[in-house]
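Take a look at the structure below.
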2 protein chains.
Amino acid sequence: MTQATRRDRGRAETDREIRQQARALLVNDGPQAVTLRAIARELGITAPALYRYYSSREDLIHHLRLDVCNDLAADLERGLAEVAADAHLARVLTLCRGFRTWALAHPQEFALVFATPVAHDDEDARSVARGSFGRIFLVVAARVLATGTLSLPADSTVPVALLGDMTAFRAELLAMLAESGVDLPPELLGLGTAHLLLQCWVRLYGQVALEVFGQVPIVMTDPEALFESVLADLTGQFGLTAGRP
Amino acid sequence: MTQATRRDRGRAETDREIRQQARALLVNDGPQAVTLRAIARELGITAPALYRYYSSREDLIHHLRLDVCNDLAADLERGLAEVAADAHLARVLTLCRGFRTWALAHPQEFALVFATPVAHDDEDARSVARGSFGRIFLVVAARVLATGTLSLPADSTVPVALLGDMTAFRAELLAMLAESGVDLPPELLGLGTAHLLLQCWVRLYGQVALEVFGQVPIVMTDPEALFESVLADLTGQFGLTAGRP
DNA sequence: ACAGGTTGGTTAACACTGTTTACTCGACCG
DNA sequence: CGGTCGAGTAAACAGTGTTAACCAACCTGT
């Protein structure tokens, strides 16, 4: 059995090297440089050999996307590990800052998973991002919600046209939390709160994408300050005004 | 002279056809399909002939970016033309909705000009978007500001760390307005207002990018409703609560 | 222990791509 | 009319994704 295991491990090993090299090419020379022949060249093999691992180049970069998501998740968790488990607000802030920092440090990867046009019905592609770390966001958000110290928006704040979708969203959030072993009293996650969480994601994503893609309409001497200002705004909407300088 | 003109017109003509075909390939088959040989094939010429017009493929798609911006601007102006010049709030709303509608209808083009990673010092590439229609947004926003009927945020609302950048931003906005022939009393565009305008752009861009790239964490039965909700939130921040349903 | 299949890999080839070079051929100009 | 210029072409080079045929190890079943 050790033979079979060893062989599998060898295969898994080169598989890892393939994606690792692909990743290196992506970050160093941009997406158009991640080419089968270049990857093979770095590994000392020939291009067709890669077809033993991936059915096409597109298949490879799809798996690359998953890799990137996992690495981002690991990166965020690593940053989170340095914050006390009960410092809920600090955890939320480091998570948001970690997301921004990672995105700015890895623009190609960010563009690959967060800014690639995707067909509206390709549910598989759409779920890749939120599966791996949307969950992380949700969990730390739930933990701060669970303290019950926040001033949450009433359900009446959500526009009537959104009521249907927000109830579905709320249910999905609660399901994901239960699945993650976080028990949040459902009454602490009302429709207004779900709506606010969605708005938070919109603004966080928007601010980060804006910076990564250089669409801020002015060169900022201190880009972090702008980010911190939206962060303060977001936490303020939850009644958290801790330490606005 | 008519000969020279005719020759130039012939050249300009094929130039237009080149970009037109490139555009068609982009929208139909994605960015990787916009290839020199395919363009030439459609035009009935050979690929090297394109080098009489553009020094490289990259050069061509750079001009394509400019084309897209111009088309977007024209599209927005067209939509704006159908709204009374003094219906300032309605103009702002149609502008925002027009931007979203265009982006959802032209995801490839949107990705090309609004979501392509760009070096932070490439001022040329960064300014391409804001030059062509950031001005449009600014002008209609200024017109509604000029009415003086809004409740604008005090300068004290902008975080101290942003004061420097916001004064520069405010100056740039005023300069652009003067250049566009819109005279807005400077006291109606304070630092707080500049900051709020920037936040509006962040949220508008973020919401649109989120939808275009399928990063909304739930399938919405009515995506417009979500957009309208942030729109209502934005106008609400200016004290405009006209017609929230 | 040996035949047989599986598996990771190679080589050769096809149809593409961007780009350069050398060359036409026709329209313009003096 | 001779000369120049410029749009376009043909040929070529290097590099791409992908497929087909083949090869040499290895694992397995008898």
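Protein chains get the first letters and strands the later ones, always in sequence-line order, with residue 1 at the start of each. These numbers come from a predicted model, not from an experiment.
- Of the residues in residues 47-61 of chain A, those with a non-hydrogen atom less than 4.0 angstrom from any atom of DNA chain D are A:P48, A:Y51, A:S56, A:R57.
- Scored by the ring pair (Phe, Tyr, Trp, His ring centres under 6.0 Å) test, A:F110 finds A:F114, A:F213 as partners (sequence neighbours excluded).
- Computed from coordinates, the B:E17 CD to D:dA7 P distance equals 15 Å when rounded to whole Å.
- Under 4.0 angstrom from either OP1 or OP2 of C:dG9 there lies no side-chain N or O belonging to A:T46.
- Residues satisfying the salt bridge (charged side-chain N to carboxylate O under 4.0 Å, His left out) criterion with B:D165, sequence neighbours excluded, are absent altogether.
- Residues meeting the salt bridge (charged side-chain N to carboxylate O under 4.0 Å, His left out) test with A:R65, sequence neighbours left out: A:E58.
- Contacts between residues 18-27 of chain B and DNA chain C, defined by a heavy-atom separation below 4.0 Å, involve no residue at all.
- Ring planes of A:W102 and A:H106: parallel class, angle under 30° (limits at 30 and 60°).
- Not counting sequence neighbours, B:E82 has no partner by the salt bridge (charged side-chain N to carboxylate O under 4.0 Å, His left out) test.
- The side chain of B:R11 lies closest to D:dA7, out of C:dT10, D:dA7, D:dT9.
- In this structure, B:I39 atom CD1 and C:dT17 atom P are separated by 11 Å, rounded to whole Å.
- In terms of the salt bridge (charged side-chain N to carboxylate O under 4.0 Å, His left out) criterion, residue partners of B:R23 (sequence neighbours excluded) are, by chain and number, B:D71, B:E109.
- Checked against ring pair (Phe, Tyr, Trp, His ring centres under 6.0 Å), A:H63 has the following partners two or more places apart in sequence or in another chain: A:Y54.
- Pairs passing the salt bridge (charged side-chain N to carboxylate O under 4.0 Å, His left out) check and including a residue from residues 29-41 of chain A, sequence neighbours excluded, do not occur.
- Taking atom CD of B:E13 as the reference point, atom C1' of D:dA7 lies 15 Å away to the nearest angstrom.
- Within residues 29-37 of chain A, the residues that place at least one heavy atom under 4.0 Å from DNA chain D are, in residue-number order, A:T35, A:L36, A:R37.
- Considering only residues two or more places apart in sequence or on other chains, B:F169 meets the ring pair (Phe, Tyr, Trp, His ring centres under 6.0 Å) condition with none of them.
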Between B:E179 and B:R135, does the salt bridge (Lys or Arg N to Asp or Glu O under 4.0 Å) criterion hold? Intermediate values first, please. CA-CA 10 Å; B:E179 186 182 338; B:R135 163 172 269 104; 3.3 Å; yes
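- Residues satisfying the side-chain contact (heavy atoms from CB on, under 4.5 Å) criterion with A:L36, sequence neighbours excluded, are A:L50, A:Y51, A:R57, A:L60.
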